[in-house]
Amino acid sequence: MNQTTIRIDPHVHSEASYDGHDPVELLLEQAAEIGLDGIVVTDHDVIHASLRAAELAPEYGLLGIPGVEVSTEVGHLLAIGVTEMPPRRAPLGETVAWVRDHGGVAVVPHPFQRSRHGIPRRHLGDCDAIEVFNSWLFTGFRNRRARRFATEHDYPALAASDAHSVPHVGRAYTELVIDDVDRATLDGEAVLAAIRDGEMRMRGRRQPIAASAHHYAVGSARKSGYYAKLGALKGRAAARAGALRGAQLVADLAVR
């Protein structure tokens with residue numbers, strides 16, 4: 001049987017999140033640089049940047065999959081594969097049903113961690129998968145607890161970086177094994193189906209120090225270069241605007 005294995009970081013934040021820092025272009029560049037096949041930009045309760053990231057992804061050789069981290073009545077939920085904003089603050093079961101009705105998969109991120117709006121155990125019911133390794137948890141306790149819960153209740157398990165800045169993209173990711181699909185024709189629907197079927201391998205261990213240092217350095221340099229270029233472009237634009245205003249002032253004085 002022909003199998004294709006891809007690497008996806010399904011939980012990444014852009015500057016569109018209140019606690020995010022970087023534009024989607026930089027996130028996509030970093031994902032391509034470190035060998036991922038795709039990321040899902042899941043900003044907090046907004047989806048416009050994720051739609052843009054999904055549209056731009058093929059330009060970076062990546063799969064384009066939109067998503068959002070939506071606030072439910074009892075905590076946060078990743079809605080992966082949707083192109084519209086789910087209702088906010090709705091009951092968890094209703095939000096999960098909405099995500100499915102709109103072609104997506106409903107993934108519970110960082111469960112049990114109330115400081116980050118993780119869904120408590122007593123409320124964690126029907127969903128499509130659980131994030132059992134989140135690279136931003138300070139200890140492994142809640143990751144292990146999430147993994148035990150997923151195993152006991154037969155939920156597919158994902159790993160994700162939960163990156164809020166470029167250097168941290170890909171600190172953890174999920175490998176998806178997809179049968180009878182050629183890589184050249186692979187699309188987001190095949191990825192969503194693989195998540196639903198649980199055909200995944202977590203890569204949630206922290207990276208070796210050397211690899212982490214390399215990724216961080218590459219991401220930091222790319223970020224610095226991007227903003228330097230952006231600053232130069234804004235400077236040139238301001239200079240042009242100043243020159244035009246000056247020319248207009250000279251013309252006005254000549255008329256007078």
Side-chain angles (χ1 to χ4, degrees), residues 6-28 30-31 36-57 60 62-72 74-90 92 95-96 98-100 102-111 113 116-119 127-137 146 156-174 176 188-189 191-192 194-196 200 202-204:
I6 62 172
R7 305 197 304 170
I8 300 288
D9 187 346
H11 186 180
V12 175
H13 293 273
S14 80
E15 63 185 358
S17 285
Y18 66 85
D19 53 358
H21 300 286
D22 299 315
V24 297
E25 290 85 351
L26 281 180
L27 300 174
L28 294 168
Q30 178 74 349
L36 293 178
D37 295 292
I39 60 173
V40 186
V41 173
T42 50
D43 289 316
H44 292 292
D45 293 319
V46 292
I47 199 171
H48 63 279
S50 185
L51 295 175
R52 174 170 169 75
E55 181 181 356
L56 292 175
Y60 297 83
L62 302 172
L63 290 166
I65 305 170
V68 62
E69 185 169 3
V70 61
S71 299
T72 76
V74 294
H76 289 177
L77 181 75
L78 299 181
I80 297 177
V82 301
T83 57
E84 302 174 39
M85 185 63 212
R88 296 183 63 220
R89 308 293 180 186
L92 178 61
T95 309
V96 169
W98 188 98
V99 172
R100 290 171 176 164
H102 287 75
V105 293
V107 178
V108 174
H110 42 70
Q113 191 179 13
R116 301 177 68 206
H117 307 286
I119 295 174
C127 64
D128 296 313
I130 293 177
E131 182 184 84
V132 305
F133 190 98
N134 179 296
S135 72
W136 275 111
L137 297 186
L158 278 74
S161 70
D162 196 2
H164 286 67
S165 62
V166 167
H168 300 110
V169 171
R171 283 179 66 171
Y173 59 90
T174 300
L176 299 107
E189 289 302 319
V191 172
L192 298 179
I195 294 175
R196 295 187 190 100
M200 297 174 285
M202 290 182 304
R203 291 294 180 260

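We number each residue from 1, following the sequence as shown.
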- Assess whether salt bridge (charged side-chain N to carboxylate O under 4.0 Å, His left out) is satisfied between Asp128 and Arg196, documenting all intermediate values. CA-CA 6 Å; Asp128 296 313; Arg196 295 187 190 100; 5.5 Å; no

- Within the side chain of Glu131, is there an N or O that forms a donor-acceptor pair under 3.5 Å with the backbone of His110?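 Checked: pair present.
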
- Ignoring hydrogens and angles, tell me if any N or O in the side chain of Asp9 forms a donor-acceptor pair with the backbone of Tyr173 under 3.5 Å.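 No.
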
- Query: Does any donor atom in the side chain of Asp45 or Ser71 lie under 3.5 Å from an acceptor atom in the other side chain?
  - Reply: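 On atom types as modelled, these side chains qualify, holding a pair under 3.5 Å.
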
- Examine the side chains of Asp162 and His11 and answer whether a donor and an acceptor come within less than 3.5 Å of each other.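 Judged by distance alone, the side chains do pair up.
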
Atom [atom1] of [X] and atom [atom2] of [Y]: how far apart are they, to the nearest 0.5 Å?
{"X": "Trp98", "Y": "Thr72", "atom1": "CH2", "atom2": "OG1", "result": "14.0 Å"}
{"X": "Ser17", "Y": "Asp22", "atom1": "OG", "atom2": "CG", "result": "11.5 Å"}
{"X": "Ile119", "Y": "Cys127", "atom1": "CD1", "atom2": "SG", "result": "7.5 Å"}
{"X": "Leu36", "Y": "Tyr60", "atom1": "CG", "atom2": "OH", "result": "15.0 Å"}
{"X": "Glu189", "Y": "Ile65", "atom1": "CD", "atom2": "CD1", "result": "9.5 Å"}
{"X": "Ser161", "Y": "Arg171", "atom1": "OG", "atom2": "CZ", "result": "8.5 Å"}

- Knowing that exactly one of Ile130, Val132, Ile195 qualifies, which makes a side-chain contact (heavy atoms from CB on, under 4.5 Å) with Leu158?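 Passing option: Ile195.
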
- Just do the side chain to side chain contact (heavy atoms under 4.5 Å, CB included) check on Val46 and Val68 with the steps written out, would you? CA-CA 7 Å; Val46 292; Val68 62; 5.9 Å; no

What is the minimum heavy-atom distance between [X] and [Y], and which atoms define it?
{"X": "Ala146", "Y": "Pro111", "answer": "CB-CG, 3.6 Å"}
{"X": "Val99", "Y": "Ala79", "answer": "CG2-CB, 3.6 Å"}
{"X": "Leu28", "Y": "Leu56", "answer": "CD1-CB, 3.8 Å"}
{"X": "Val191", "Y": "Leu176", "answer": "O-CD2, 3.8 Å"}
{"X": "Thr42", "Y": "Pro10", "answer": "CG2-O, 3.7 Å"}
{"X": "Val82", "Y": "Gly104", "answer": "CG1-CA, 4.0 Å"}

- Parallel, tilted or perpendicular: which describes the rings of His164 and His44, with under 30° parallel and over 60° perpendicular?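 His164 and His44: tilted rings.
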
- Item | Working for side chain to side chain contact (heavy atoms under 4.5 Å, CB included), residues Val40 and Val12 | CA-CA 6 Å; Val40 186; Val12 175; over 6 Å; no

- Message: Pair Leu27, Val166 - check side chain to side chain contact (heavy atoms under 4.5 Å, CB included), show working.
- Response: CA-CA 6 Å; Leu27 300 174; Val166 167; 4.0 Å; yes

- Arg52: what forms a side-chain hydrogen bond (donor to acceptor under 3.5 Å, both in side chains) with it, not counting sequence neighbours?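 Checked Arg52 against side-chain hydrogen bond (donor to acceptor under 3.5 Å, both in side chains); matches are Glu25.
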
- Sequence-distant partners of Thr95, side-chain hydrogen bond (donor to acceptor under 3.5 Å, both in side chains), two or more places apart: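 Residues passing side-chain hydrogen bond (donor to acceptor under 3.5 Å, both in side chains) with Thr95: none at all.
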
- Task: Might you work through the side chain to side chain contact (heavy atoms under 4.5 Å, CB included) test for Arg116 and Asn134, ending with a clear yes or no?
- Result: CA-CA 12 Å; Arg116 301 177 68 206; Asn134 179 296; 3.3 Å; yes

- Item | Contact check, side chains of Ile39 and Val41, non-hydrogen atoms, under 4.5 Å |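 When only atoms from C-beta onward are counted, Val41 and Ile39 do touch, with a gap below 4.5 Å.
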
- Please say which of Glu69, His21, His168 ends up in a side-chain hydrogen bond (donor to acceptor under 3.5 Å, both in side chains) with His13.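 Answer after filtering Glu69, His21, His168: Glu69.
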
